[in-house]
Protein chains: 2
Amino acid sequence: MNSQTDFTQRTVEYEILLARFKELLKKNTYKYTIQREVILETLYKSDEHLTPEALHQLIKEKFPELKTGIATIYRTLSLLEDSDMVTSLSFGSQGKKYELGAKEHHDHMICTKCGTITEFVDEAIEERQHRIAEEFGFEMQDHSMQIYGICKNCKKLRFIYD
Amino acid sequence: MNSQTDFTQRTVEYEILLARFKELLKKNTYKYTIQREVILETLYKSDEHLTPEALHQLIKEKFPELKTGIATIYRTLSLLEDSDMVTSLSFGSQGKKYELGAKEHHDHMICTKCGTITEFVDEAIEERQHRIAEEFGFEMQDHSMQIYGICKNCKKLRFIYD
DNA sequence: TTAAATTTTGATTATCTCTATCATTAAGTC
DNA sequence: GACTTAATGATAGAGATAATCAAAATTTAA
Ligand SMILES: [Mn+2]
Ligand SMILES: [Mn+2]
Ligand SMILES: [Zn+2]
Ligand SMILES: [Zn+2]
């Protein structure tokens, strides 16, 4: 199809990701659509953890001519998650947040004051998780870990204002 | 108030818990009500991880004369969670499950096939979590960890039927 | 013990997130 | 380009949780 969508600033890393996505689509006889690509691209360009709603907002702003519906966002996120290309985080009832899972696995530290999310990986923990699953005869598919608390910055602000 | 509610089989542990709850209520000028106590008691007696709906069901069966509304369940669970007396687990969009936080802290291993939840504690992981928070200048309030996968039993069944 | 002040309750409605449906449109195939 | 199939957007529908509000219960202070 013939769109004047601006696909500039594509890095090699993104091209690889996109190729992987197209391959995945082909393998499952799914069709390639601009909506799907735009969703992948927007996730890639954002280093935030996005709610489907926020992602939809971004896409409406950047590609208004597509008139992408919210249903397509949900559908594509599920598709991407099922294929392990994105990961979702659940924080209580505030719904899910998605991020591109193409980066390495990591865990999250979440500030309960300002909502800032810090990512980290700890090999010792990863190692123990596998060990524990093994002990229970459990076939681990996935795992997630969150540390909740007050971030460095909020601690500083609290010191000043409280 | 004058109810014939059956509060038998109260352990000392429960009495302490209840006292703590009453103290909490008083401190915040909240009022003591039978509904609140029954919710605490039912959570205490159940060793399951309960959805608000399941908890409501249990209470309707055990204390039908109270005609406890679902709204009160939600309100009280939020109250208890805010005061760190119960903890909730989020399973994506399938809502939350609650458990009394009075027992020792632990993490969860969740079977994606049958939903069974296995609890565990690993000191090495606990230790690392504190260390990591410290490294980031983060004041940890809480943390949670979930391992998702196929439990021993479901693995066996899969072997037989697949 | 009673009366006043305040909070909580249950019922209900509203909201928010996510899924299902379906007619229309767009991709992939030849 | 025509044919087949899948994807899309709009919208209705579910399910979980929050908000509203009049009635009831609890606490407090006579
Ligand atoms: Mn992340
Ligand atoms: Mn538990
Ligand atoms: Zn913060
Ligand atoms: Zn299982």
Side-chain angles (χ1 to χ4, degrees), chain A residues 1-3 5 18 21-40 42 49-57 59-60 63-83 86 88-98, chain B residues 1-5 18 21-40 49-57 59-60 63-83 86 88-98:
Chain A
M1 79 101 241
N2 179 347
S3 117
T5 303
L18 180 58
F21 186 38
K22 285 183 173 171
E23 200 175 323
L24 170 88
L25 293 176
K26 187 158 286 174
K27 193 182 312 184
N28 294 84
T29 53
Y30 293 150
K31 292 176 176 174
Y32 168 89
T33 65
I34 337 138
Q35 285 84 346
R36 282 176 173 165
E37 160 143 20
V38 156
I39 288 168
L40 186 75
T42 308
H49 298 78
L50 297 171
T51 61
E53 201 53 66
L55 180 57
H56 188 217
Q57 214 49 45
I59 287 174
K60 279 198 293 187
F63 308 96
E65 75 280 7
L66 290 183
K67 292 182 185 341
T68 311
I70 185 72
T72 297
I73 305 284
Y74 278 104
R75 283 187 286 237
T76 305
L77 284 173
S78 297
L79 170 69
L80 287 168
E81 189 170 27
D82 288 347
S83 336
V86 308
S88 67
L89 302 180
S90 295
F91 300 123
S93 53
Q94 306 108 261
K96 283 188 190 177
K97 288 186 175 180
Y98 290 83
Chain B
M1 72 99 243
N2 178 348
S3 120
Q4 48 275 66
T5 303
L18 180 59
F21 186 39
K22 285 183 173 172
E23 200 176 322
L24 171 88
L25 294 175
K26 188 158 285 175
K27 193 182 312 182
N28 294 85
T29 53
Y30 294 149
K31 292 176 176 173
Y32 168 87
T33 65
I34 337 139
Q35 285 84 346
R36 282 176 174 166
E37 160 145 18
V38 156
I39 288 168
L40 186 76
H49 297 79
L50 297 171
T51 61
E53 200 55 63
L55 180 56
H56 188 216
Q57 214 48 46
I59 288 173
K60 278 198 295 188
F63 308 95
E65 75 279 8
L66 290 183
K67 292 180 183 345
T68 311
I70 185 71
T72 297
I73 306 283
Y74 277 104
R75 283 187 286 236
T76 306
L77 284 173
S78 297
L79 169 69
L80 286 168
E81 189 170 27
D82 289 347
S83 335
V86 308
S88 67
L89 300 179
S90 297
F91 299 114
S93 51
Q94 307 111 262
K96 286 186 189 178
K97 287 187 174 177
Y98 291 82

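Numbers restart at 1 for each chain; the letters A, B, ... are given by sequence-line order, proteins then strands.
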Discussion item. Reading DNA chain D from 5' onward, which residue's closest nucleotide shows up sooner: B:Y30 or B:I70?
Written reply: B:I70

Item to complete: Would you name the heavy atoms of A:Q35 and A:L66 that are closest together and state the gap between them?
Response: NE2-O, 4.5 Å

Discussion item. A side-chain contact here means heavy atoms from C-beta on lying under 4.5 Å apart; do B:K22 and B:L18 qualify?
Written reply: yes

Worksheet entry | Toward the 5' end of DNA chain C, by each residue's nearest nucleotide, A:Y98 or B:R36 | B:R36

Item to complete: Figure out the CG/P separation between B:L50 and D:dT17, and round it to whole Å.
Response: 13 Å

Worksheet item: In whole Å, what is the span from the NZ atom of B:K67 to the P atom of C:dT12?
Response: 13 Å

Worksheet item: Which comes earlier along DNA chain C counting from the 5' end, the contact point of A:E53 or that of A:A71, where each point is its nearest nucleotide?
Response: A:E53

Worksheet item: If you check every side-chain atom of A:K31, which of D:dT5, D:dT17, D:dG9 has the closest atom?
Response: D:dT5

Fill in: Comparing B:S78 and B:K26 on DNA chain D - which has the more 5′ nearest nucleotide
B:S78

Worksheet item: Counting side-chain heavy atoms from CB outward, which of D:dA18, C:dA27, C:dT7 is closest to B:Y74?
Response: D:dA18

Discussion item. Applying a 4.0 Å non-hydrogen cut-off, can you work out what B:Q35 is touching in the nucleic acid: base, sugar-phosphate, or nothing?
Written reply: sugar-phosphate

Response to the item:
Separation of D:dA7 atom P from A:K22 atom NZ, nearest Å, is 16 Å

Worksheet item: Given atom CG of B:N28 and atom C1' of D:dT26, what is their separation to the nearest angstrom?
Response: 16 Å

Item to complete: Send over the distance from A:L25 CG to C:dT29 P, rounded to a whole Å.
Response: 12 Å

Worksheet item: Is there a donor-acceptor contact under 3.5 Å from the side chain of A:R36 to the main chain of A:K31?
Response: yes

Practice prompt. Quickly work out the B:H56 NE2 to D:dG15 P distance and round it to whole Å.
Written response: 17 Å

Discussion item. Expressed as a whole number of angstroms, how long is the span from B:I59:CD1 to C:dG10:P?
Written reply: 10 Å

Worksheet item: Separation of A:K60 atom NZ from D:dA10 atom C1', in whole Å?
Response: 13 Å

Practice prompt. Look at all strands and tell whether A:R75 reaches a base, only sugar-phosphate, or nothing, counting heavy atoms closer than 4.0 Å.
Written response: base

Discussion item. Tell me the closest heavy-atom pair linking A:H49 and A:K97, and the distance in Å.
Written reply: O-CD, 3.6 Å

Worksheet entry | Out of D:dA7, C:dC18, C:dT9, whichever nucleotide has its closest atom nearest the side chain of B:T33 | C:dT9

Discussion item. Are the side chains of B:Y30 and B:L79 in contact, using a 4.5 Å heavy-atom criterion?
Written reply: yes

